[in-house]
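Heads up: the structure comes next, in structure tokens.
Treat the numbers as computed from the prediction; the structure is a model and nothing was measured. Whatever order the structure lists ligands and atoms in, that order sets their numbers, starting from 1.
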Amino acid sequence: MSRFLLIFDSMTADEHTFSYWEQTAFTDNADVIIIGSGIVGLSAALRLKKQQPNLKVTMLERGFLPSGASTKNAGFACFGTISEQIEYLKRSSEADVLRLVDYKWRGLQRLRENLGDANIDFHQNGGYELFMDNEADRATEALDHLTYFNNLLKQAIGSADIYAVANAKIADFGFKGVSHMMYNPFEGQLHTGKMMRTLLNRIYEKDVLVLNGCCVNAINQENGGVVLETSHGHFKTSEVILATNAFAAQLYPELDVVPGRGQVLVTKPVPGLKLKGTYHFNEGYYYFRNIAGRVLFGGGRNIDFKKEETWDFGHTEEVKAQLVKFLEEMILPGQPYEIDYWWSGIMGFGEDISPIIKEVQPHVFCAVRCNGMGVAMGSLVGEEVANLALS
Ligand SMILES: Cc1cc2nc3c(=O)[nH]c(=O)nc-3n(C[C@H](O)[C@H](O)[C@H](O)COP(=O)(O)OP(=O)(O)OC[C@H]3O[C@@H](n4cnc5c(N)ncnc54)[C@H](O)[C@@H]3O)c2cc1C
């Protein structure tokens, strides 16, 4: 063991001395360096290269794979349940609600345009919101707002047939303890892993270099450019895009981005599974869907917001127990199933529900805080920050 450590140490000491070949082909002279290879960073790279094909773009990603939310999420291509719209309307204006839905809807269209539905297993199977037996008030509130939101969101979606009552389907799905259900035919689902692989392929085709296992520890201004201190030495560049989402405050503590962990499970294939689509309940704090005959189920951050406000991946017994209880009693009552495995991902939240896209210091532009909606809005967030950096 100690011999292994010695060898490893001597390698680490030397690995920052890049060869002439490494410097000229890999580490030097990037016009733009993007920190973080999640959906936002990758979408920014794609935009930069579309606008200026000769630009040298390098991405620095500290994970072996992208290691935040983009490869860990639920793959819902959604723009919000009625309850989410109601909650947002309570703390903002009608125009803001419409703007956010419009942004997510256009973001999803852009994602599909950029990557192609077949490549990402996109299916518009529709989305459902469930109300439990003890949520009669919430269900009534949603019903009262149904026509209002259909008329308002028509301006974004292009149809007023968005939200509809779907109580008759509760029994078909086999749910227990659910008294009301709403359906939205415009919502879809995709394969998150394929989405990220396709995005990576798109930027490889455009000669963007992605260096994994490289953590940026500090960002300094030097001679009109920027120098990044990383776990693999210094990188100089002209412009930087910070796409580290939940982790943004580790480099810029003044940014209002707090982490929020999401815990997820996936079952083994369930014989005769009836679910098809995306499902939300409890104001969107719980979500589940079908994937390859399995149930993917996540949420429960609201059980203890403070505990889930963490940069650490992992699980808590409280959240796991609650997810298992809902799965067993409500989603798959009386059906045999087995949980295959669990994972977690880290989202970036803030007081304001819109992302932060701005210059944080000369030549450094950030695009962070997707508030748990980055599959929907990430393509546009990346595009916007790329435009800002180019301008
Ligand atoms: C469990 C879960 C379920 C979700 N479900 C959905 C959903 O169904 N629909 C939806 O729209 N959204 C969903 N989201 C949210 C969505 O996944 C995120 O909003 C989106 O992925 C954010 O993308 P991003 O590129 O901004 O950040 P990330 O994907 O987090 O990427 C940031 C990257 O920066 C890297 N990084 C951080 N610090 C450094 C550093 N110092 N140096 C180098 N690299 C660094 C990280 O390793 C990471 O790869 C979910 C999220 C989670 C966790």
Side-chain angles (χ1 to χ4, degrees), residues 33-45 58-80 103-105 107-108 111 127 187-192 195-196 199 210-219 228-232 235 240-252 257 259-266 278-280 284-289 291 296-301 308 311 313 315 319 323 342-349 355-357 366-379 381-382 385:
I33 290 185
I34 300 174
I35 310 172
S37 71
I39 185 172
V40 170
L42 293 171
S43 303
T58 296
M59 305 191 68
L60 302 180
E61 164 57 54
R62 74 174 164 197
F64 161 66
L65 294 173
S67 300
S70 296
T71 51
K72 312 281 190 188
N73 59 58
F76 285 27
C78 292
F79 54 84
Y103 196 69
K104 287 192 267 184
W105 179 248
L108 286 167
L111 180 75
E187 299 212 315
Q189 58 198 112
L190 51 80
H191 188 301
T192 291
M195 172 189 83
M196 289 295 285
L199 250 176
V210 184
L211 299 175
N212 284 79
C214 184
C215 180
V216 176
N217 298 318
I219 301 175
L228 304 181
E229 284 175 35
T230 81
S231 53
H232 291 274
F235 286 73
V240 170
I241 290 178
L242 181 79
T244 55
N245 198 34
F247 310 94
Q250 291 178 341
L251 288 164
Y252 291 94
V257 188
R261 182 172 56 195
Q263 305 183 33
V264 184
L265 67 82
V266 70
T278 57
Y279 304 77
H280 283 100
Y285 283 114
Y286 294 88
Y287 41 88
F288 59 98
R289 61 172 281 185
I291 177 72
L296 182 155
F297 181 30
R301 210 167 47 84
E308 299 309 311
W311 285 313
F313 293 86
H315 294 96
V319 172
L323 289 174
W342 297 79
W343 71 86
S344 67
I346 316 290
M347 295 167 267
F349 294 98
I356 310 174
I357 305 170
C366 79
V368 296
R369 194 177 68 188
C370 278
N371 277 292
M373 303 175 286
V375 172
M377 58 168 64
S379 303
V381 173
V385 75

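What you find for Phe79 and Lys104 is that their closest heavy atoms are O-NZ, 3.3 Å.
The ligand atoms of ligand 1 that sit less than 4.0 angstrom from a heavy atom of Cys370 are 19 (O). Proximity to Cys215 (heavy-atom distance under 4.0 Å) selects the following atoms of ligand 1: 41 (N), 42 (N). Atoms of ligand 1 lying under 4.0 Å from at least one heavy atom of Leu60, given by number and element, are 43 (C), 44 (N). Contact atoms of ligand 1 toward Pro66: 49 (O) (distance under 4.0 Å to a heavy atom of the residue). Listed by atom number, the atoms of ligand 1 under 4.0 Å from Tyr287 heavy atoms are 1 (C), 2 (C), 3 (C). Set against the non-hydrogen atoms of Gly345, the atoms of ligand 1 under 4.0 Å away are 53 (C). The Val40 neighbourhood of ligand 1 comprises atoms 24 (P), 25 (O), 26 (O), with distances under 4.0 Å to a heavy atom of that residue. Listed by atom number, the atoms of ligand 1 under 4.0 Å from Gly36 heavy atoms are 33 (C), 34 (O), 35 (C).
The closest approach between a heavy atom of Gly75 and any atom of ligand 1 is below 4.0 Å. Within the structure, the closest approach of Gly372 to ligand 1 falls below 4.0 Å when heavy atoms are considered. At a 4.0 Å cut-off, not a single heavy atom of Trp343 sits close enough to ligand 1 to count as contact. At a 4.0 Å cut-off, at least one heavy atom of Cys214 sits close enough to ligand 1 to count as contact.
Cation-pi contact between Arg289 and Phe297: absent, since separation from the ring centre below 6.0 Å together with deviation from the ring axis within 45° is not met.
Atom 51 (C) of ligand 1 has Met347 CG, 3.4 Å as its closest protein atom, hydrogens excluded (heavy atom only). The protein heavy atom nearest to atom 22 (C) of ligand 1 is Asn245 ND2, 3.6 Å. If you check which protein heavy atom lies closest to atom 50 (C) of ligand 1, you get Asn73 CB, 3.2 Å.
One finds no salt bridge joining Arg301 and Glu308 here, because no Lys/Arg side-chain nitrogen approaches an Asp/Glu carboxylate oxygen to under 4.0 Å.
Within the 4.0 Å heavy-atom criterion, the part of Val264 lying near ligand 1 is the side chain and not the backbone. The part of Ile35 lying near ligand 1 is the side chain, judged by heavy-atom distances below 4.0 Å. When heavy-atom distances to ligand 1 are checked against a 4.0 Å cut-off, Arg62 comes that close through both its backbone and its side chain. Residue-level proximity to ligand 1 for Phe247 is carried by the side chain, the only part with a heavy atom below 4.0 angstrom.
When only interatomic distances are considered, the shortest N/O to N/O separation between Val375 and ligand 1 falls below 3.5 Å. Annotation: Ser67 places an N or O atom under 3.5 Å from an N or O atom of ligand 1; distance criterion only. Distances between N or O atoms of Phe76 and those of ligand 1 include at least one value under 3.5 Å. Backbone and side-chain nitrogen or oxygen atoms of Gly63 are examined, and none is located within less than 3.5 angstrom of a nitrogen or oxygen of ligand 1.
The nearest non-hydrogen atom to atom 35 (C) of ligand 1, considering only Glu61, Gln263, Met377, comes from Glu61. Residue nearest to atom 21 (O) of ligand 1, selected from Gly374, Ser70, Gly260: Ser70 (by heavy-atom distance). Nearest to atom 32 (C) of ligand 1 by heavy atom, out of Gly68, Ala243, Gly298, Ser344, is Ala243.
One finds the CG atom of Leu190 at 7.5 Å from the CG atom of Asn73 (value rounded to the nearest 0.5 Å). With values rounded to the nearest 0.5 angstrom, Ile39 atom CD1 is found 7.0 Å from Met196 atom CE.
Using the six-membered ring where Trp is involved, Phe76 and Tyr287 have ring planes that are perpendicular, over 60° apart on the 30 and 60° scheme.
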task: Just do the side chain to side chain contact (heavy atoms under 4.5 Å, CB included) check on His232 and Cys215 with the steps written out, would you?
output: CA-CA 8 Å; His232 291 274; Cys215 180; over 6 Å; no

message: Determine whether Ile34 and Leu60 satisfy the following criterion, side chain to side chain contact (heavy atoms under 4.5 Å, CB included), listing intermediate values before the conclusion.
response: CA-CA 6 Å; Ile34 300 174; Leu60 302 180; over 6 Å; no

